[in-house]
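Hydrogens, waters and symmetry mates play no part in the numbers below; they use all other heavy atoms, side chains included.
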There are 2 protein chains.
Amino acid sequence: MVRAKSGPDKRRLILDAAVRVFARQGFHACRVSDIADEAGVAYGLVYHYFASKDEVLDTLFLERWNVMLELIREVDAQPLPVREKLGAITSFIVDSYRHDPDLMKVIIVEVTRAANSFGQTHLGQIREAYELIGEIVTKAQEEGVFKPEIEARFAAMAFYGTIEQLLTGWIFGLRPQGEEHFERAKWLVVETVCGGLETSVVGEASVS
Amino acid sequence: MVRAKSGPDKRRLILDAAVRVFARQGFHACRVSDIADEAGVAYGLVYHYFASKDEVLDTLFLERWNVMLELIREVDAQPLPVREKLGAITSFIVDSYRHDPDLMKVIIVEVTRAANSFGQTHLGQIREAYELIGEIVTKAQEEGVFKPEIEARFAAMAFYGTIEQLLTGWIFGLRPQGEEHFERAKWLVVETVCGGLETSVVGEASVS
DNA sequence: TGGTGTTGACTGACCAGTCAATCTATTTGG
DNA sequence: CCAAATAGATTGACTGGTCAGTCAACACCA
């Protein structure tokens, strides 16, 4: 249990391999042997570390999601303007995708689907994120920076929905990727959600 | 081939049963025999009307998605303010959910979010929706109603992402449902996406 | 020597898709 | 007006292949 010093941590090896395989073939379409092969490990070892194929996916999701929840809590605790708080969260998620697109693909594509069949486990985690973001919005409303007529819960949903759709666009290859796009996307998300699509200036419309 | 007058159209029966079964158990988790049983029809008949289990899902998705694309085209062609155009689209999708939640659940959970299997097959259709909404945004930008600095494609994505997240919330029981909520949601989507979350008035913030 | 890590062949269940037979309705021709 | 012929609709038992999970044995370290 001490798992001591060196040696290629096989458990980690399996998890990382699973990410690649799930991303490439999808959770349902891949076999456990694909994961083992990808990890360069015997079939049975997967079952030494995980109770089932499902548990591998669960682990991947929870590992990452909890890091995100922690980040949101930290951000929320700091005395920053809403735009910066939402910006920090957006930044974290976009950077997560930049750093490991496969993992984010698996989380977004496979877990939402899984929330259907097994595990209210994930639903609880997802709800938690909603609520934390909702609190940030509520505070902004109390400060008078955000409109009171849009419920905080709904606002949180719109914010998260925009980000998730952004990642989905990247995952499906519907949106351009690359350093510059990632950075610009961060600004776009915050600007769209906070400022809206309409021109805020009062002046009349000008046509070319 | 004439399929003439009456008789319970078995093909339709199978499709409707499939919606219920897919919504309840998920596409992968259900058996073709479940669909046949639910439809009160022999196993083999499913294969008389459809080439495969996949084709049943394909059919369900395309049937509905094409109606939506048509609606968007019609709305776009009319000379209405952007808010009303986006409102009409939102309305259509929300009403689709109200009318047949199971079907929308299947479309969103099994197709729209399935980047590997079905999403890939229907990328064209999904992209089409993005582009049509993008055109609406572009026109609004030309009229000076929408900001030019947020790319139309991104705006379309934020809009669609918000709606999809809304339905996802309903599907997984994370958001309250019912007539009043459906109607209010329509307004909220448009107000959030167009007007943004921030208070538009210039005055300073007031603290309680 | 005991415990943890590691192996991979094997099994038991499951299920998509096939197919030959049966049924039902419509058409033909006598 | 009816019988035979034709074509589609409907049935469900069966097959072939797949794959998650098991397990008994072996390797390596303390």
Side-chain angles (χ1 to χ4, degrees), chain A residues 1-61 106 110-111 113-114 116-119 121, chain B residues 1-61 106 110-111 114 116-118 121:
Chain A
M1 178 194 256
V2 266
R3 180 90 301 271
K5 46 174 183 256
S6 70
D9 186 344
K10 297 291 179 73
R11 195 185 119 100
R12 188 75 254 162
L13 227 50
I14 291 168
L15 284 172
D16 292 345
V19 168
R20 294 192 295 276
V21 173
F22 289 163
R24 192 190 313 133
Q25 311 174 226
F27 179 77
H28 291 285
C30 84
R31 289 161 291 177
V32 172
S33 65
D34 292 332
I35 302 174
D37 291 352
E38 176 83 21
V41 135
Y43 184 90
L45 197 61
V46 175
Y47 287 92
H48 178 69
Y49 287 111
F50 304 94
S52 65
K53 192 184 171 189
D54 286 4
E55 198 183 282
V56 177
L57 181 58
D58 281 353
T59 304
L60 288 172
F61 168 76
V106 169
E110 304 296 345
V111 173
R113 192 114 117 272
N116 194 24
S117 43
F118 62 106
T121 327
Chain B
M1 176 192 258
V2 266
R3 181 92 298 273
K5 42 175 186 251
S6 69
D9 185 343
K10 298 290 179 73
R11 197 186 116 99
R12 188 75 255 162
L13 227 51
I14 291 168
L15 284 172
D16 292 345
V19 168
R20 295 192 295 275
V21 173
F22 289 162
R24 194 189 313 133
Q25 309 175 228
F27 178 80
H28 292 283
C30 83
R31 288 160 293 177
V32 172
S33 65
D34 292 333
I35 301 174
D37 291 351
E38 176 83 23
V41 135
Y43 184 89
L45 198 61
V46 175
Y47 287 92
H48 178 71
Y49 287 110
F50 304 94
S52 66
K53 190 184 171 189
D54 286 7
E55 199 183 281
V56 176
L57 181 56
D58 282 353
T59 305
L60 288 172
F61 168 76
V106 170
E110 306 293 347
V111 181
N116 289 300
S117 41
F118 291 98
T121 319

In chain order, what residues pass the side chain to side chain donor-acceptor pair (under 3.5 Å) check against A/Arg20, with sequence neighbours excluded?
-> A/Glu38

Return the set of residues passing side chain to side chain donor-acceptor pair (under 3.5 Å) with A/Gln25 (not counting sequence neighbours), or none when no residue passes.
-> A/Asp34

For C/dT6, does OP1 or OP2 lie under 4.0 Å from any side-chain N or O of A/Lys10?
-> yes

D/dA9 OP1/OP2 closer than 4.0 Å to side-chain N/O of B/His48 = yes

What pairs meet the salt bridge (charged side-chain N to carboxylate O under 4.0 Å, His left out) rule with one or both residues in residues 41-51 of chain A, with sequence neighbours excluded?
-> none

Can you tell me how far C1' of C/dA16 sits from NE2 of B/His28, to the nearest Å?
-> 14 Å

Quick note, A/Tyr49 side chain, CB onward, closest among C/dT6, D/dG21, C/dG17 is C/dT6

In short, A/Ala39 meets A/Ile14 closest at the heavy-atom pair CB-CA, 4.0 Å

For the pair made of CZ in A/Phe50 and P in C/dT6, what is the distance, rounded to whole Å?
-> 12 Å

A/Tyr47 OH to D/dC23 P: how many Å, rounded?
-> 13 Å

Please report, rounded to the nearest Å, how far the P atom of C/dC15 is from the CD atom of B/Gln25.
-> 10 Å

CZ of B/Phe27 versus C1' of C/dA16: gap in Å, rounded?
-> 10 Å

Side chain of B/Arg31 only, please: which of C/dG17, C/dC15, D/dA20 is the nearest?
-> C/dC15

Scan residues 43-54 of chain B for pairs that pass salt bridge (charged side-chain N to carboxylate O under 4.0 Å, His left out), counting only residues two or more places apart or in two chains.
-> none

With a 4.0 Å heavy-atom cut-off, tell me which residues in residues 32-46 of chain A come close to DNA chain D, sorted by residue number.
-> A/Val32, A/Tyr43

Taken to the nearest whole Å, CZ/B/Arg12 to C1'/D/dA9 is 18 Å

Can you name the residues that form a side chain to side chain contact (heavy atoms under 4.5 Å, CB included) with B/Thr121, not counting sequence neighbours?
-> none

